[in-house]
Structure formats: C-alpha cells, structure tokens
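See below for the structure under consideration.
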Amino acid sequence: MEQTSFHQENFRRRTRYTVVFLILAAVFCVVTVLNINTGNVHIPVPKILRILFLKEGAATEYNIIWKIRLPRILMAALLGGALSLSGFLLQTFFSNPIAGPFVLGISSGAKMVVALTMIVYLKYIGRFSSYTLILAAFIGSLISTGFILLMSKKVQHMASLLVGGIMIGYICSAITDFVVTFADDSDIVNLHGWSQGSFSGMSWSNIRVAAVVVGLAVLFTLSKPISAYQLGEAYAQSMGVNIKTFRVILILLSSILSACVTAFAGPISFVGIAVPFLARKAFGTSKPIVVIPGTFFMGAVFCMICDLIARMALAPVELNISTVTSILGAPIVIYMMIPKGGRK
C-alpha cells in the first residue's frame, strides 16, 4: 500500500513538472511571436514564419526580423535566464530567498566598473569588445561580493547583511554617478541609456558571446552538490562535497552570470529574487535538478514579457527594462517577506 502511494505521489510530481515546462514552452513561443510581430512596423504571423523558416520575404521585413527583433528577444531570454540563475545560486549560498545580485549590490558593483571601463576606453582607445565589458563587470561583481563576504563574517543576522548589501549598492551607484559627471557628453548619452537597463541594440555577435559565457557557467551548475548543500553543510560534507571549494564555485558562477547580464543590458532589478521564488512555487519543489532548468527557463520568459511591455506600453516611447521588472517583481518580493499564517 505504501509503495503504491509512493508511486502515485511520484507520478503526480512528474506530471506537475511536465505540465509547468510545457506551459513555459508555450508561453515562450507565443511571446517570441508577439515580440517579432509588434512594433512600429507590423509584420503578420504568416510572413514571420516564412521569413524565419524559408528565409523569404521583403528585404525591409527580413532585416527587421533577423537583425533587430530576433536578436533582441533571444538576448532577453538568455540574459533573463542567466540573471534568474544567478539569484538562485546566491540564495543557495546565503540560505536566504531574499538574496539576489541587485539587492546585495553585486549588479551595482558591476555597473561601476563597466562605467569606468567604458569611459576610459572611449576616451583613450575608442572601442572595446564584449569580452572587455564582461571582464570589467565580473571584476566589479567580485569587488561587491568580497565586501558582502567580509560583512557576512561579522554580521550574524541576514537582515543586516541585506541592508549592508543595499548600502554597498548605493555607494557603487554614487561612485558611478560621480565618474559620469566628468565624462564627455557623448559618453554620458551612451552610459545613461545602458545604466537604466535595456535589451535594445543587440546583435548576433553579442548573442554568441553571451551564449558562450552563460553556457559554460550553466554547465558547471552541478545539481547533486547543491542538493546536498541545501540539506546543511554537515550533510554535504558527509556526501563528499568540499564545502570551501563549493562555496567559491557558487559565488564565482553567480558573479559571472550577473556580470554577463550587466555588461550587455545594464543592471536589471528584482528578477534574481522573484523568478527563483516563482519557480519553486510553480514546480512545488526545491530540488535543484528541477528548479535550476525551471528557473533559467522561467527567467527567460519573464524577461521576454517585460521587454515586450517595455516596448509597447507607451509606444513609441520605450520604457527602461528595470522599470518594468520592478513593477512586476517588487510585489512578488513583498509577498515573499510577509509571514505565512498571520503575525508571528
């Protein structure tokens, strides 16, 4: 009887996982078509399909789809998944669902160093590569993360650590604003647009670079060690996990993913906190083997939807992506912080 009940429960869980992934896949396809279909130039769905699969159609519509809209929507998906996974890794590291690259000031640290790098390169060299920006963002992420880790050794309460992370974020933002004040007018225009967060202006070369960086980081996201770590450090050690090495890997992977997002799209708020929470709720489990791909996939869909809203809500004016992610993500974070079952 117990064995039958176990099999039924296992079947229900697998069915739930499958249904959620199928829903995400369906939403992904629908939002992709909507993103390609809508804009200043309306392109009917039959033409979109013909251009995508047969590569036939008018030159103007062909270029709009292949050179502007498709790279943008794919980049939004890739970076949205990376940012969500970065948040999941930080939450695992700190054992707190409110930890995220934006809240802990990691994105602001990356923004600060990227801004400095852009100003120096534009003034003295004239151009820079995608890898240069990613490296600069990674260094900035590690600087902020280093301060957070130092604070974590002195501060006992997670709430105080989160407040400290927010303060680090403010300091990094203040330094960025101070540096931008002395930049050339042309540099300020570029920096201002980038610092507000946007997926516009993406190219296939950007996608290739981001795909390589994010893909390598995801490959190192090992589910079994994370599962053991979630059950406690003592249990993880008994399972043969080197805790010190594993914690270093977690923080490096999170920094790489967050840095890649900041380098290409600027700082994006609340995605790294809200999406992992939504993924755990949707799948009804905290198992990394399910939550990791689910978080990545859901983050991709979430940012694709936010990008569509940013483009179309006040068209032809385009909203900053962080504005939309804040409107959608902040209420989720507030809900997370409300004690369940009333006052405690």
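- Checking side-chain atoms of Thr323 against main-chain N and O of Leu319 turns up no donor-acceptor pair under 3.5 Å.
- Defined by atom type and a distance below 3.5 Å, a donor-acceptor pair is missing between the side-chain atoms of Thr295 and Ser84.
- Taking 4.5 Å as the limit, some side-chain heavy atom of Leu52 sits within range of a side-chain heavy atom of Ile36.
- The shortest non-hydrogen separation linking Gln91 to Pro276 is OE1-CB, 3.5 Å.
- Remark: Cys306 SG to Ile268 CD1 distance equals 9.0 Å, nearest 0.5 Å.
- The line from CZ of Phe88 to CG of Leu250 is 9.0 Å long, rounded to the nearest 0.5 Å.
- Heavy-atom contacts from other residues, nucleotides or ligands closer than 6.0 Å to CZ of Arg12 number more than 12.
- With hydrogens and angles left out, the side-chain atoms of Ser258 and Ser141 include no donor and acceptor closer than 3.5 Å.
- When hydrophobic clusters are built by joining Ile, Leu, Val, Met, Phe, Trp and Tyr residues whose side-chain heavy atoms come closer than 4.5 Å, directly or via intermediates, Leu150 is not grouped with Ile168.
- The hydrophobic clustering, which links ILVMFWY residues whose side-chain heavy atoms are closer than 4.5 Å, places Phe264 and Ile68 apart.
- Cluster annotation: Ile292 and Ile251 are assigned to the same hydrophobic cluster (Ile/Leu/Val/Met/Phe/Trp/Tyr, side-chain heavy-atom contacts under 4.5 Å, transitive).
- A donor-acceptor pair is defined here as one N or O able to donate and one able to accept, closer than 3.5 Å; such a pair exists between the side chain of Asn63 and the backbone of Ala59.
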Applying side chain to side chain contact (heavy atoms under 4.5 Å, CB included), run through Trp66 and Trp204 and close with a yes or a no. CA-CA 9 Å; Trp66 279 100; Trp204 288 105; 3.7 Å; yes
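- No donor-acceptor pair under 3.5 Å is formed between the side chain of Asp307 and the backbone N or O of Ala76.
- Side chains of Val20 and Ile23 form no contact here, defined as non-hydrogen atoms less than 4.5 Å apart.
- Ile166 is connected to Phe270 through a chain of hydrophobic side-chain contacts under 4.5 Å among Ile, Leu, Val, Met, Phe, Trp and Tyr, so both are in one cluster.
- Two residues are said to be in side-chain contact when any heavy atoms from C-beta on lie closer than 4.5 Å; Leu78 and Phe296 meet this criterion.
- For Cys303 against Gly80, the heavy-atom pair with the smallest separation is SG-CA, 3.4 Å.
- When atom types are taken as modelled, the side chain of Thr325 and the backbone of Ser269 share a donor-acceptor pair closer than 3.5 angstrom.
- Here the straight-line distance linking atom OG1 of Thr262 with atom CE of Met112 works out to 12.0 Å at 0.5 Å rounding.
- Looking at heavy atoms from C-beta onward, Leu308 lies out of side-chain contact with Met304 at the 4.5 angstrom threshold.
- The closest side-chain heavy-atom distance from Leu278 to Lys281 is not below 4.5 Å.
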Quick one, Ile327 with Ile309, criterion side chain to side chain contact (heavy atoms under 4.5 Å, CB included). Give me CA distance, side-chain angles, the key distance, then yes/no. CA-CA 11 Å; Ile327 292 171; Ile309 295 172; over 6 Å; no
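- Of the possible polar contacts, one joining the Ser322 side chain to the Pro267 backbone as a donor-acceptor pair under 3.5 Å is found.
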Under the criterion salt bridge (charged side-chain N to carboxylate O under 4.0 Å, His left out), I'd like the reasoning laid out for Arg72 against Glu318: C-alpha separation, chi angles, the key distance, then a yes or no. CA-CA 14 Å; Arg72 175 170 179 157; Glu318 183 173 320; 2.7 Å; yes
Worked check of side chain to side chain contact (heavy atoms under 4.5 Å, CB included) between Cys260 and Leu79: CA-CA 8 Å; Cys260 186; Leu79 297 183; 4.2 Å; yes
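- Atom NE2 of His42 and atom CG of Asn37 lie 4.5 Å apart (nearest 0.5 Å).
- The shortest distance between side-chain heavy atoms of Leu104 and Ser144 does not fall below 4.5 Å.
- For Thr15 (side chain) and Phe11 (main-chain N/O), a donor-acceptor pair under 3.5 Å exists by modelled atom type.
- One distance of note links CG of Leu70 with CD1 of Ile48; it measures 10.0 Å at 0.5 Å rounding.
- In terms of heavy-atom proximity, Ala279 sits nearest to Met298 at N-SD, 3.6 Å.
- Under a 3.5 Å cut-off, the side chain of Arg311 and the backbone N or O of Asn35 do form a donor-acceptor pair.
- Atom CG of residue Leu85 and atom CG of residue Leu90 lie 10.0 Å apart, to the nearest 0.5 angstrom.
- A continuous path of hydrophobic side-chain contacts links Phe302 to Val261 [ILVMFWY only; heavy atoms under 4.5 Å].
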Does the side chain to side chain contact (heavy atoms under 4.5 Å, CB included) test come out yes or no for Thr285 and Arg280, once each step is laid out? CA-CA 6 Å; Thr285 182; Arg280 284 189 288 265; over 6 Å; no
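- Listed here is the closest heavy atom pair of Phe138 and Ser255: CE1-CB, 3.8 Å.
- At most 12 heavy atoms of other shown residues, nucleotides or ligands fall within 6.0 angstrom of atom CZ in Phe147.
- When side chains are defined from C-beta on, Ile273 does not count as touching Pro97, because their heavy atoms never get closer than 4.5 Å.
- The shortest distance between side-chain heavy atoms of Met202 and Leu74 does not fall below 4.5 Å.
- Side chains of Asn206 and Ser203: a donor on one and an acceptor on the other come within 3.5 Å.
- Considering every non-hydrogen atom in both Ile134 and Ala259, the closest pair reads O-CB, 4.0 Å.
- Closest non-hydrogen pair, Arg16 versus Ala282, comes out as NE-O, 3.0 Å.
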